[in-house]
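Please read through the structure below; I'll follow up with questions.
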Amino acid sequence: MKIDIVSIFPSYFDVVELSLLGKAAKSKLVEVTVHDLRDATTDVHKSVDDTPYGGGAGMVMSPEPWGTMLDGLLQEDSWLIVPSPAGQLFSQSLAVEFSAAPHLVFACGRYEGIDQRVMDHYRTTHRVLEVSVGDYVLNGGEVAVLAMMEATVRLLPGFMGNPESLVEESHEKGLLEYPSYTKPRTWRGLDVPEVLLSGNHDAIRVWREEQSLERTRQVRPDLLED
């Protein structure tokens, strides 16, 4: 998979070199390239924003530098992903879709966002998704891109040392994952559930399914409604 990221703060993505994501990049499982949007500007100040039409607080990112940058990055099979609090909610199922795409281009907006015409223009030729990572507002798209990218890349074949771990995670079956335990057997007066020590795999499976359902009912009942 190839990933291109456009931001006015490219150093935000230095953390890509860490952990399993960094190992995936080094092993060529994924190729990540970060681009500075200001490189696509033409004025001496490298301006990327301007005042909004219609008035209002804040600044809006100008379409010209975005058009110049994206024209050079988007290929026929590219997906353009734009983090936005006004976008569709990111989910595990969307991460699965992303992981099947050969080329993702993430556009990190700032201020009051990117001029809407950028998304409207590229939507005529490419798959363009405006995506929110939650019902809150961030200063920019960088944090959202890091979250979406990690959720996506870890689904690529060969990324996880044990693929079985992907099957039993939260949201994979529409439910939250069951609680996990390890040694010691007793910690600060709290014991590991006896069923996990029984060696009865059928009983353990049933217990985990029940715990998954109950945790979802208590914490995310909206998932059961879906």
Open item on the list: Checking D71 against Y122: is there a side-chain donor and acceptor pair closer than 3.5 Å?
Closed with: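 The answer is yes; a qualifying pair exists.
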Task: V15 and Y12, any side-chain heavy atoms less than 4.5 Å apart - done: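 When only atoms from C-beta onward are counted, V15 and Y12 do not touch, as no gap falls below 4.5 Å.
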Open item on the list: Do I3 and E31 have side chains that approach each other closer than 4.5 Å (heavy atoms only, starting at C-beta)?
Closed with: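 No, too far: nothing below the 4.5 Å cut-off.
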Task: Side-chain (T186) to main-chain (G189) donor-acceptor, under 3.5 angstrom - done: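 Flag not set: sc T186 to bb G189 has no pair under 3.5 Å.
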Open item on the list: Tell me the closest heavy-atom pair linking I114 and M119, and the distance in Å.
Closed with: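 Nearest pair, atom of I114 first, then M119: O-CE, 3.7 Å.
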Open item on the list: Rounded at 0.5 Å granularity, tell me how far OG in S78 sits from CG in D4.
Closed with: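 It comes to 8.0 Å.
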- [ ] Using a 4.5 Å cut-off on heavy atoms from C-beta on, say whether the side chain of E64 contacts that of T42.
- [x]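 A side-chain contact is absent here, since even the closest heavy-atom pair is not under 4.5 Å.
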Task: P83 versus A107, closest heavy-atom pair with distance - done: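 Closest approach of P83 to A107: CD-O, 3.0 Å.
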TODO: For S62 and D50, test the side chains for any donor-to-acceptor distance below 3.5 angstrom and give the result as yes or no.
DONE: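 There is no such pair between these side chains.
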TODO: Please step through side chain to side chain contact (heavy atoms under 4.5 Å, CB included) for the pair L80 and R127, ending with a clear verdict.
DONE: CA-CA 6 Å; L80 176 60; R127 182 164 186 184; over 6 Å; no
Task: Contacts of D49 that satisfy salt bridge (Lys or Arg N to Asp or Glu O under 4.0 Å) - sequence neighbours left out - done: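 With sequence neighbours excluded, D49 shows a salt bridge (Lys or Arg N to Asp or Glu O under 4.0 Å) to no residue whatsoever.
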TODO: Sequence neighbours left out, what passes ring pair (Phe, Tyr, Trp, His ring centres under 6.0 Å) with F90? Give chain and number order.
DONE: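 Scan of F90 (ring pair (Phe, Tyr, Trp, His ring centres under 6.0 Å), adjacent residues dropped) gives F98.
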- [ ] Under the side chain to side chain contact (heavy atoms under 4.5 Å, CB included) rule, what do L73 and H35 come out as? Steps first, then yes or no, please.
- [x] CA-CA 10 Å; L73 293 178; H35 309 268; 3.4 Å; yes
- [ ] For S212 and E209, indicate whether the former's side chain and the latter's backbone hold a donor-acceptor pair under 3.5 Å.
- [x]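 Flag not set: sc S212 to bb E209 has no pair under 3.5 Å.
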TODO: Look up atom CZ in F106 and atom CD1 in I81, then write down how far apart they are to the nearest 0.5 Å.
DONE: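 Here the interatomic distance stands at 6.0 Å.
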Task: Carboxylate-amine/guanidinium contact E194 R185, below 4.0 Å - done: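 Salt bridge: yes.
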- [ ] Measure the OG1-CG distance between T216 and L224 for me, rounded to the nearest 0.5 Å.
- [x]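 It comes to 6.0 Å.
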Task: Side-chain cluster (under 4.5 Å, hydrophobic types only) that V206 belongs to, other residues - done: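 Answer for V206: none, a lone residue.
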Open item on the list: Going by the rule salt bridge (Lys or Arg N to Asp or Glu O under 4.0 Å), which residues pair with D39 if we only count those two or more places apart in sequence or in a different chain?
Closed with: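 Applying salt bridge (Lys or Arg N to Asp or Glu O under 4.0 Å) to D39 gives none.
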Task: Q211 CD: over 12 foreign heavy atoms closer than 6.0 Å - done: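 Yes, the 6.0 Å shell around CD holds more than 12 heavy atoms from other groups.
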Open item on the list: Rounded to the nearest 0.5 Å, what separates atom CG in L213 from atom CD in Q218?
Closed with: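 Atom-to-atom, L213:CG and Q218:CD are 10.5 Å apart.
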Task: salt bridge (Lys or Arg N to Asp or Glu O under 4.0 Å) partners for E76, two or more places apart - done: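 None.
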Open item on the list: Checking Y111 against V60 for the side chain to side chain contact (heavy atoms under 4.5 Å, CB included) test, could you report, in this order, the C-alpha distance in whole Å, the side-chain angles of both residues, the deciding distance, and whether it holds?
Closed with: CA-CA 6 Å; Y111 318 120; V60 177; over 6 Å; no
Open item on the list: Nearest 0.5 angstrom please: M59 CE to S47 OG, how far?
Closed with: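 One finds 8.5 Å between CE of M59 and OG of S47.
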TODO: Kindly check if the number of other-residue, nucleotide or ligand heavy atoms within 6.0 Å of CD (E112) is above 12?
DONE: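 Result for CD/E112: enclosed.
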Task: Residues that, via side-chain heavy atoms closer than 4.5 angstrom, fall in one hydrophobic cluster with V195 - done: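 Joined to V195, directly or through intermediates: Y181, V192, L196, L197, I204, W207.
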Task: Distance (rounded to the nearest 0.5 Å) between L175 CG and L223 CG - done: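 Nearest 0.5 Å value for the CG-CG distance: 7.5 Å.
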Open item on the list: Is any side-chain heavy atom of L129 closer than 4.5 Å to one of L94?
Closed with: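 Yes, at least one pair of side-chain atoms sits under 4.5 Å.
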Task: Partner of S99 by side-chain contact (heavy atoms from CB on, under 4.5 Å), out of L104, V30, T152 - done: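 Answer to the side-chain contact (heavy atoms from CB on, under 4.5 Å) test with S99 among L104, V30, T152: T152.
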Task: Residues E210, R205: salt bridge by 4.0 Å N-O rule - done: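 Result for this pair is no, no salt bridge flagged.
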Task: The single option from L37, V48, V82 passing side-chain contact (heavy atoms from CB on, under 4.5 Å) against W66 - done: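 Result: among L37, V48, V82, L37 is the only option passing the side-chain contact (heavy atoms from CB on, under 4.5 Å) with W66.
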Open item on the list: Would R220 and E225 count as a salt bridge (charged side-chain N to carboxylate O under 4.0 Å, His left out) here? Give the steps.
Closed with: CA-CA 9 Å; R220 291 290 305 277; E225 294 174 4; over 6 Å; no
Open item on the list: So that I can tick it off, tell me whether E130 and R123 are bridged by a salt bridge, with the cut-off set at under 4.0 angstrom between side-chain N and carboxylate O.
Closed with: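 Salt bridge: yes.
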Task: Check: V16 and L146 side chains under 4.5 Å, non-hydrogen atoms - done: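 L146 vs V16: side chains touch.
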TODO: Please check if atom CG in D135 has more than 12 non-hydrogen atoms from other residues, nucleotides or ligands closer than 6.0 Å.
DONE: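 Counting neighbours around CG of D135, 12 or fewer heavy atoms of other residues, nucleotides or ligands fall under 6.0 Å, so no.
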- [ ] Determine whether the side chains of H126 and D77 contain a donor N or O and an acceptor N or O closer than 3.5 Å.
- [x]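 No, no side-chain donor-acceptor contact under 3.5 Å.
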Task: Side-chain touch F13/V145, heavy atoms, less than 4.5 angstrom - done: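 Yes - at least one pair of side-chain heavy atoms lies under 4.5 Å apart.
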Task: Worked check of side chain to side chain contact (heavy atoms under 4.5 Å, CB included) between L70 and V118 - done: CA-CA 9 Å; L70 293 176; V118 174; 3.9 Å; yes
Task: Check: K46 main-chain N/O paired with R38 side-chain donor or acceptor under 3.5 Å - done: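 Yes, R38 side chain to K46 backbone: donor-acceptor pair under 3.5 Å.
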Task: R110/E142 ion pair, N-O < 4.0 Å - done: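 Result for this pair is yes, salt bridge flagged.
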Task: Atom CD of Q116: over 12 foreign heavy atoms under 6.0 Å - done: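 Yes.
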